[in-house]
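Single-structure report; data block below.
Every chain is numbered from 1, with letters handed out A, B, ... down the list of sequences. Only this structure's heavy atoms are used, side chains among them; waters, hydrogens and symmetry mates stay out.
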Number of protein chains: 2
Amino acid sequence: MRLSTKGRYAVTAMLDLTLHGGEGPVTLAEISETQGISLSYLEQLFACLRGKQLVRGVRGPGGGYYLGRPGDEISIADIICAVDEWVEFTRCGGNQDCQEGKRCLTHNLWDDLSSEIYTFLSSITLADLVERGGLRETGCVRNKKDDGELSVREGSRAA
Amino acid sequence: MRLSTKGRYAVTAMLDLTLHGGEGPVTLAEISETQGISLSYLEQLFACLRGKQLVRGVRGPGGGYYLGRPGDEISIADIICAVDEWVEFTRCGGNQDCQEGKRCLTHNLWDDLSSEIYTFLSSITLADLVERGGLRETGCVRNKKDDGELSVREGSRAA
DNA sequence: GGTTATTCCGAGTTCTTTACTTGGTTTTTA
DNA sequence: TAAAAACCAAGTAAAGAACTCGGAATAACC
């Protein structure tokens, strides 16, 4: 599983659609300004998202983008997979046979971990996030980082 | 949270230490050959890991690396944070005040998600992975991808 | 004490990806 | 017909990933 800034852009933009899609289509120009992402880059990201039917574009004036399906049917994994190519990590798999099993073992372990992360991200939908984020919708309560090291918010949710 | 190939290299290498650390220190040369990563690149990664006390280096002939602490006390998040810089995503946080709260909302949501992923990866230790992977230690049972789209192994663990 | 295997260190180089730019074309509303 | 939007494709700049090179320090072994 790959989780880069590109994926974050996509997730954040999709969140925007989820939040404001009820008020009509959301234009890329709006997202571009709100999130500080270049318009053309957004277009590229949305081309990927459209390809997977995660968003639906409406052309012409007054147009913009809607979610392709309800927010509770779109997982974070869906979004990330649409824009971030799922790269194959193992070098032994496929072509080459694994040498002495040892190499293969750690790769299996990684694959397991990878699957778990994917399963985890598949279990979180846009609707989940919005529902949860609504708790603090009043005001702007960003937590300041202490020393910039980890920036993990304590107790955001019990695991 | 950032999860790139760099982090994978580190996790896979650490898994190698976990698996074979009992038989004496593991050299980077061995890992380099087994995993197909260049030696100097590994050195750089291990410099990061050493900085966080995740590994302990032994110099001289017969030397190599041990885990810095027991495998059940090292989480995947520890490893990834050591090598992959934790980049701050939000542009409004810190310096600039959030504009009209809207911008801030999606960023809060992203932060929440980010925290969750972190919490999740913090809950998985090297020992966990080895224990779980041991189930298939016999032979080399890699699952072939069906169409290269998602490569998710079904039923790896019930969520 | 010298040789060798290893970690340690830093300054580069190359390649890929990210992120952006430019300049268009379609579509649709008003 | 004009304007606002999605669409599209090619190119560019910056960043990061991955690697290379050349060495230094440390410790084991002969």
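Counting heavy atoms from C-beta outward, Leu67(A) and Leu54(A) have side chains that stay 4.5 Å or more apart. At a threshold of 4.5 Å between non-hydrogen side-chain atoms, the residues Leu42(A) and Tyr65(A) do not count as touching.
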(request) Starting at the 5' end of nucleotides 25-30 of chain C, put B wherever the base has a protein heavy atom under 4.0 Å, S where only the sugar-phosphate does, and a dash everywhere else. (result) -BBBB-
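Atom NZ of Lys6(B) is separated from atom P of dC19(D) by 12 Å (rounded to the nearest Å). In this structure, Tyr65(B) places its OH atom 13 Å from P of dT6(C), rounding to the nearest Å. For Ile31(A) and dA5(D), the CD1 to P distance is 13 Å, given to the nearest whole Å. The CZ atom of Arg56(A) sits 17 Å away from the P atom of dA5(D) (whole-angstrom rounding). A straight line from CG of Leu39(B) to P of dC8(C) spans 12 Å, rounded to a whole angstrom. When rounded to the nearest whole Å, the span between CG of Asp84(B) and C1' of dA15(D) equals 14 Å. Across the protein-nucleic acid pair, Leu42(B) atom CG and dT7(C) atom P stand 10 Å apart, rounded to whole Å.
Ring pair Tyr41(A)/Tyr9(A) is perpendicular by interplanar angle, where above 60° counts as perpendicular and below 30° as parallel.
Taking every heavy atom of both residues into account, Ser122(A) and Ser75(A) meet most closely at O-CB, 3.3 Å. Scanning both residues, Tyr118(A) and Ala77(A), for their nearest heavy atoms gives CE1-CB, 3.7 Å. Residues Ala10(A) and Ile79(A) come closest through the heavy atom pair CB-CG2, 3.6 Å. When every heavy atom of Thr125(B) is checked against every heavy atom of Gly71(B), the shortest pair comes out as CB-O, 3.5 Å.
Listed by chain and number, the residues in a side-chain contact (heavy atoms from CB on, under 4.5 Å) with Glu43(B) are Leu28(B), Leu39(B), Ser40(B) (sequence neighbours excluded). By the side-chain hydrogen bond (donor to acceptor under 3.5 Å, both in side chains) test, Thr27(B) pairs with no residue at all, sequence neighbours left out. With sequence neighbours left out, the salt bridge (Lys or Arg N to Asp or Glu O under 4.0 Å) criterion links Arg69(A) to Asp78(A).
One finds no side-chain N or O of Tyr41(A) lying less than 4.0 angstrom from the OP1 or OP2 phosphate oxygen of dT12(D).
A side-chain donor-acceptor contact under 3.5 Å links Asp84(B) and Ser4(B).
A heavy atom lying under 4.0 Å from DNA chain C marks the following residues of residues 43-51 of chain A, by number: Gln44(A). For the segment residues 21-28 of chain B, the set of residues with a heavy atom within less than 4.0 Å of an atom of DNA chain D is empty.
The residue among Ser40(A) and Val58(A) whose nearest nucleotide of DNA chain D is located toward the 5' end is Val58(A).
Among the nucleotides dC19(D), dA18(D), dC21(D), the one closest to the side chain of Ser38(B) is dC19(D).
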